Amino acid sequence: YLHLCLYADTNMRKSSLAAGYGDPLKTLIVLTRRREQMIPLENLNYVVARVGDAEALRFALMYPERLWQMRRESHPELKESLEGGLLVFDDGTEGVNMLLEDAEEIDGKKVRNQRRSYKEAGKDLRALLKLSLDKKMHLIIVALAKVRENSITNEEQVGPDLPPSMLSMLNTEMEFTFYIKPGTHELLTDRDFFSFEDIDPDTNKKKAIRRTIFGKSKFPLDVIKRNGGRSPLNLYEKEDLKGIWKKICEAGK
């Protein structure tokens with residue numbers, strides 16, 4: 001199954017692209033933001049389960065099949081089972097915020113050490129991820145993009161907007177992480193690097209900045225070898241997740 005983290009800036013059609021990978025009658029979207037986020041998908045028969053807090057989020061990611069059956073009671077046109085379908089977690093950035101807020105109080109006591117809250121939320125996210133990844137369905141996690149600056153080395157890192165420890169865990173667990181490139185809407189499938197000049201506000205002089213944009217595609221070694229030591233995917237692919245998945249499956253044959 002496709003396990004993908006799809007991230008980008010705001011207003012880059014992340015939700016539409018993720019949902020478009022699946023059949024609306026076999027796709028469950030777990031939404032952490034306002035329902036207005038789903039306006040582009042209106043009247044397309046997608047099943048949306050909006051969660052307002054960490055408890056609801058845990059239930060939705062642990063038992064998506066149960067949510068699906070509950071919805072089928074009023075919408076019998078939906079496929080009988082979510083197995084083999086698509087689960088979209090939209091979005092991971094706000095979902096992590098919910099888990100962090102919930103971890104501000106542990107065993108009925110206010111947590112004073114913020115690192116403990118991050119640790120508890122991280123354990124929560126890891127458990128939910130493992131449960132979701134073990135299910136017989138495709139999983140796409142949508143997230144916002146964030147630029148992290150290092151003023152000492154003049155480097156910038158672009159990646160999903162998550163706390164560093166949780167970001168590392170997510171990138172480890174998911175086989176694919178794609179970034180939607182502004183302007184062209186192409187999907188970055190592996191790391192990309194480029195340099196540019198900017199003005200240093202302290203010295204008012206030009207300085208060279210190196211930017212790294214995170215992307216990831218994990219393939220078996222024999223697939224890489226058969227492809228001349230390269231990934232079967234282009235560095236930038238067209239905005240077509242179904243086409244990309246077909247390319248991935250054909251490379252593995």
Side-chain angles (χ1 to χ4, degrees), residues 1-24 26-48 85-96 137-149 156-162 167 170-171 174-196 198 209-219 227 230-251:
Y1 296 99
L2 174 64
H3 299 144
L4 166 69
C5 176
L6 180 68
Y7 77 102
D9 301 324
T10 57
N11 201 32
M12 289 293 292
R13 305 197 297 258
K14 300 184 293 295
S15 301
S16 301
L17 180 60
Y21 175 73
D23 175 357
K26 204 164 185 173
T27 296
L28 174 63
I29 301 172
V30 176
L31 179 67
T32 59
R33 298 186 184 272
R34 294 163 54 245
R35 283 198 174 273
E36 284 75 9
Q37 291 287 110
M38 295 289 104
I39 286 176
L41 301 177
E42 211 168 272
N43 303 320
L44 295 179
N45 298 319
Y46 282 98
V47 175
V48 180
L86 169 65
L87 175 63
V88 179
F89 178 14
D90 188 3
D91 65 47
T93 301
E94 181 60 22
V96 165
M137 59 186 70
H138 303 287
L139 172 65
I140 299 179
I141 298 177
V142 176
L144 289 171
K146 182 174 182 177
V147 179
R148 293 175 171 82
E149 300 178 356
E156 293 181 350
Q157 304 278 342
V158 179
D161 185 6
L162 296 170
L167 176 61
L170 179 72
N171 289 335
M174 306 293 280
E175 288 86 56
F176 300 93
T177 300
F178 295 164
Y179 171 70
I180 305 177
K181 184 179 179 181
T184 65
H185 280 261
E186 292 175 305
L187 301 181
L188 174 68
T189 66
D190 206 340
R191 283 184 176 85
D192 195 12
F193 313 85
F194 63 91
S195 298
F196 61 95
D198 199 3
I209 298 175
R210 178 180 171 84
R211 172 172 287 186
T212 301
I213 306 175
F214 183 78
K216 172 188 174 182
S217 296
K218 183 183 288 186
F219 288 96
N227 202 50
R230 301 185 307 275
S231 167
L233 298 178
N234 297 317
L235 182 60
Y236 285 95
E237 290 279 354
K238 291 181 179 178
E239 193 183 32
D240 176 14
L241 288 180
K242 289 181 180 178
I244 292 174
W245 182 241
K246 182 179 179 182
K247 201 170 182 180
I248 291 168
C249 293
E250 288 177 348

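All values reported here derive from a predicted model rather than from experimental measurement. FYI, side chains are in, hydrogens and waters are out, and symmetry mates aren't considered; it's all heavy atoms of this structure.
Evaluation of the salt bridge (charged side-chain N to carboxylate O under 4.0 Å, His left out) rule for E94 yields R33 as partners, not counting sequence neighbours. Here E156 pairs with R211 under the salt bridge (charged side-chain N to carboxylate O under 4.0 Å, His left out) rule; sequence neighbours left out. The side-chain hydrogen bond (donor to acceptor under 3.5 Å, both in side chains) search around S15 returns D90, not counting sequence neighbours. Under the ring-ring contact (aromatic ring centres under 6.0 Å, His included) criterion, F214 pairs with no residue at all, not counting sequence neighbours.
Looking at S217, its side chain does come within 3.5 Å of a backbone N or O of T189 through a donor-acceptor pair. Here the side chain of T212 pairs no donor or acceptor atom with the backbone of Q157 at under 3.5 angstrom. K216 places a side-chain N or O within 3.5 Å of a backbone atom of M174 that can act as its donor or acceptor partner. A side-chain donor-acceptor contact under 3.5 Å links T93 to the backbone of L144. Checking side-chain atoms of E250 against main-chain N and O of K247 turns up no donor-acceptor pair under 3.5 Å.
A donor-acceptor contact under 3.5 angstrom links the side chains of D192 and Y236, judged on distance only.
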- Message: For a side chain to side chain contact (heavy atoms under 4.5 Å, CB included) check, start with the C-alpha distance between L188 and L235, then their side-chain angles and the critical distance, and finish with the verdict.
- Response: CA-CA 6 Å; L188 174 68; L235 182 60; 3.6 Å; yes
- Evaluate side chain to side chain contact (heavy atoms under 4.5 Å, CB included) for L241 paired with F176, printing each intermediate quantity in order. CA-CA 11 Å; L241 288 180; F176 300 93; over 6 Å; no
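Atom NZ of K242 sits about 12.5 Å away from atom CG of L2, to the nearest 0.5 Å. Put simply, CG on L31 and CZ on F89 are 10.5 Å apart, with the number rounded to the nearest 0.5 Å. The structure places CD of E186 at 12.0 Å from CD1 of I180, a figure rounded to the nearest 0.5 Å. Taking NE2 of H138 as the reference point, atom OG1 of T27 lies at 9.0 Å (rounded to 0.5 Å). Rounded to the nearest 0.5 Å, atoms CG (D190) and OH (Y179) are 15.5 Å apart. To the nearest 0.5 angstrom, L187 atom CG is 11.5 Å from N234 atom CG.
Inter-residue side-chain proximity for F178 and E237 is flagged as unmet; no heavy-atom pair is nearer than 4.5 Å. Counting only heavy atoms from C-beta outward, the side chains of D91 and D161 never approach each other to under 4.5 Å. Side-chain contact between Y21 and L6 is absent, with no heavy atoms from C-beta onward closer than 4.5 Å.
Among T177, V88, L170, the one residue that satisfies the side-chain contact (heavy atoms from CB on, under 4.5 Å) test with I141 is L170.
Pairs of residues two or more places apart, or lying in two chains, that qualify as side chain to side chain donor-acceptor pair (under 3.5 Å) and include a residue from residues 2-13 are H3-E175, R13-H185, R13-E239.
When every heavy atom of A18 is checked against every heavy atom of V142, the shortest pair comes out as CB-CG2, 3.8 Å. When all heavy atoms of R210 and F193 are compared, the closest pair comes out as NH2-CD2, 3.1 Å.
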Report, one line per pair, each donor and acceptor closer than 3.5 Å where one atom sits in a side chain of residues 35-47; sequence neighbours left out.
residue	atom	partner	partner atom	Å
Y46	OH	A19	O	3.0

